[in-house]
Amino acid sequence: MRYPVLSRSEFTTGVSLLALCALTGLPQAALAQATVSTTDLAEPSAIGDMALGSDKAPVTIIEYASMTCSHCAHFAVTTFPKLKERYIDTGKVRYIFREFPLDPLAAGASLLARCADKDKYFSIVDLLFHTRDQWAIQNPIEPLFNVVKQAGFTREAFNACLDTKNNENSRKILAAIEAGRNRASDKFKVQSTPTFFINGKRVAGAISIEEIEKEILPLLKA
């Protein structure tokens with residue numbers, strides 16, 4: 001499944017593509033699907049993975065998410081804090097977040113998180129998910145800036161990050177995000193967000209902490 005090529009002009013004018021997000025994710029119970037090669041999954045994108053937790057943890061959870069997706073935001077707000085407290089911070093789970101933008105605005109939001117210092121990445125992603133209803137709208141530029149300036153973005157840094165026409169670094173980041181998204185679609189059959197891989201097992205949908213525990217507890221006991 002291929003998604004539209006992303007560009008700065010699409011980001012600023014093509015926000016109607018947000019309708020795509022309505023087709024992503026599963027609103028209720030997650031559906032367990034196939035298992036894929038953990039070796040293939042472990043290969044990071046050209047700009048590297050963003051991860052939390054010990055690299056020696058017995059369980060690795062990889063999430064593919066679109067920043068404008070309501071189900072991804074629901075997971076981030078309601079489930080992820082429990083996952084982090086119980087399993088990531090305790091060294092039992094390594095969590096990897098991978099961008100899978102389904103529209104130009106989601107790509108722009110992911111780009112902003114990548115433009116910031118690495119130690120701010122997850123706090124910006126968390127901030128964007130918590131404020132999704134404020135900026136995932138028509139005419140999103142000013143609302144989006146008002147959100148990320150809380151994380152330290154100046155107007156100059158904001159504009160420079162999104163100016164993929166003139167900013168080579170941003171252009172490379174956006175290309176890597178797009179390549180990672182297409183690889184996930186083609187090789188791992190990711191077709192909706194959020195999609196998780198728990199030690200290679202694909203689970204699609206906004207899963208609850210109880211559903212995650214059903215998957216990871218047997219792995220922790222093995």
Side-chain angles (χ1 to χ4, degrees), residues 1 3 20-45 48-102 106 110 113 121-126 128-130 132 177 180-222:
M1 185 176 184
Y3 297 93
L20 286 172
C21 193
L23 302 177
T24 67
L26 299 178
Q28 298 180 358
L31 299 178
Q33 298 174 5
T35 298
V36 303
S37 166
T38 54
T39 300
D40 289 340
L41 274 171
E43 183 181 338
S45 72
D49 275 335
M50 303 305 295
L52 294 172
S54 171
D55 57 6
K56 297 180 181 179
V59 176
T60 297
I61 297 177
I62 298 174
E63 178 185 3
Y64 285 93
S66 178
M67 296 304 303
T68 50
C69 172
S70 61
H71 301 308
C72 301
H74 179 78
F75 173 83
V77 172
T78 65
T79 302
F80 182 76
K82 299 172 186 175
L83 174 66
K84 185 174 185 297
E85 178 183 6
R86 298 180 192 179
Y87 299 103
I88 298 172
D89 291 346
T90 57
K92 298 174 183 176
V93 167
R94 180 167 177 80
Y95 169 82
I96 298 172
F97 182 90
R98 290 179 178 169
E99 302 94 342
F100 194 90
L102 290 173
S110 291
Y121 178 84
F122 280 104
S123 63
I124 292 175
V125 168
D126 184 65
L128 288 168
F129 275 136
H130 273 78
R132 174 188 170 276
I177 289 173
R181 177 199 62 191
N182 288 334
R183 182 173 187 265
S185 173
D186 296 340
K187 194 170 185 65
F188 307 137
K189 308 307 177 186
V190 176
Q191 297 182 349
S192 63
T193 58
T195 291
F196 302 87
F197 290 90
I198 303 174
N199 279 12
K201 182 178 180 180
R202 187 191 304 112
V203 181
I207 52 182
S208 67
I209 190 62
E210 291 78 16
E211 290 166 322
I212 291 177
E213 288 178 331
K214 287 180 182 179
E215 298 290 340
I216 67 173
L217 289 179
L219 298 171
L220 294 174
K221 295 175 181 177

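As the structure is a prediction and not an experimental result, all values here were calculated from the model. Atom set for the values below is all heavy atoms of this structure, side chains included, hydrogens, waters and symmetry mates excluded.
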Would a 4.5 Å heavy-atom cut-off, applied to side chains only, mark [X] and [Y] as touching?
X: Thr195; Y: Arg202; result: yes
X: Tyr87; Y: Lys82; result: no
X: Val125; Y: Met50; result: no
X: Phe75; Y: Ile212; result: yes

Euclidean distance, [Y] [atom2] relative to [X] [atom1], rounded to 0.5 Å:
X: Ile216; Y: Glu213; atom1: CD1; atom2: CD; result: 6.0 Å
X: Glu210; Y: Leu217; atom1: CD; atom2: CG; result: 11.0 Å
X: Asn199; Y: Leu219; atom1: CG; atom2: CG; result: 5.0 Å
X: Ile198; Y: Thr35; atom1: CD1; atom2: OG1; result: 10.5 Å
X: Glu99; Y: Ile177; atom1: CD; atom2: CD1; result: 4.5 Å
X: Phe100; Y: Asn182; atom1: CZ; atom2: CG; result: 7.5 Å

- side chain to side chain contact (heavy atoms under 4.5 Å, CB included) between Cys72 and Met67: does it pass, once the steps are laid out? CA-CA 7 Å; Cys72 301; Met67 296 304 303; over 6 Å; no
**Item:** side chain to side chain contact (heavy atoms under 4.5 Å, CB included) assessment of Ile207 paired with Glu215
**Value:** CA-CA 11 Å; Ile207 52 182; Glu215 298 290 340; over 6 Å; no
Ignoring hydrogens, what is the shortest heavy-atom contact between [X] and [Y]? Give both atom names and the distance.
X: Ala206; Y: His71; result: CB-O, 3.6 Å
X: Ala51; Y: Ile96; result: CB-CG1, 3.9 Å
X: Ser66; Y: Pro101; result: OG-CA, 3.8 Å
X: Ser70; Y: Arg132; result: N-NE, 3.6 Å

Is there a side chain to side chain contact (heavy atoms under 4.5 Å, CB included) between Leu83 and Ile88 once you walk through the steps? CA-CA 7 Å; Leu83 174 66; Ile88 298 172; 4.0 Å; yes
(Q) Run Phe129 and Phe80 through side chain to side chain contact (heavy atoms under 4.5 Å, CB included) and show every step you take. (A) CA-CA 11 Å; Phe129 275 136; Phe80 182 76; over 6 Å; no
Residue set satisfying salt bridge (Lys or Arg N to Asp or Glu O under 4.0 Å) with Lys187, at least two apart, ordered chain then number -> Asp40
> Does any N or O in the side chain of Ser185 come within less than 3.5 Å of the main-chain N or O of Arg181, such that one atom is a donor and the other an acceptor?
Replying inline: no
Side-chain donor-acceptor distances from residues 53-65 under 3.5 Å, at least two apart:
from  : atom 1 : to    : atom 2 : distance (Å)
Ser54 : OG     : Lys56 : N      : 3.0
Glu63 : OE1    : Tyr95 : OH     : 2.5
Tyr64 : OH     : Arg98 : NH1    : 2.8

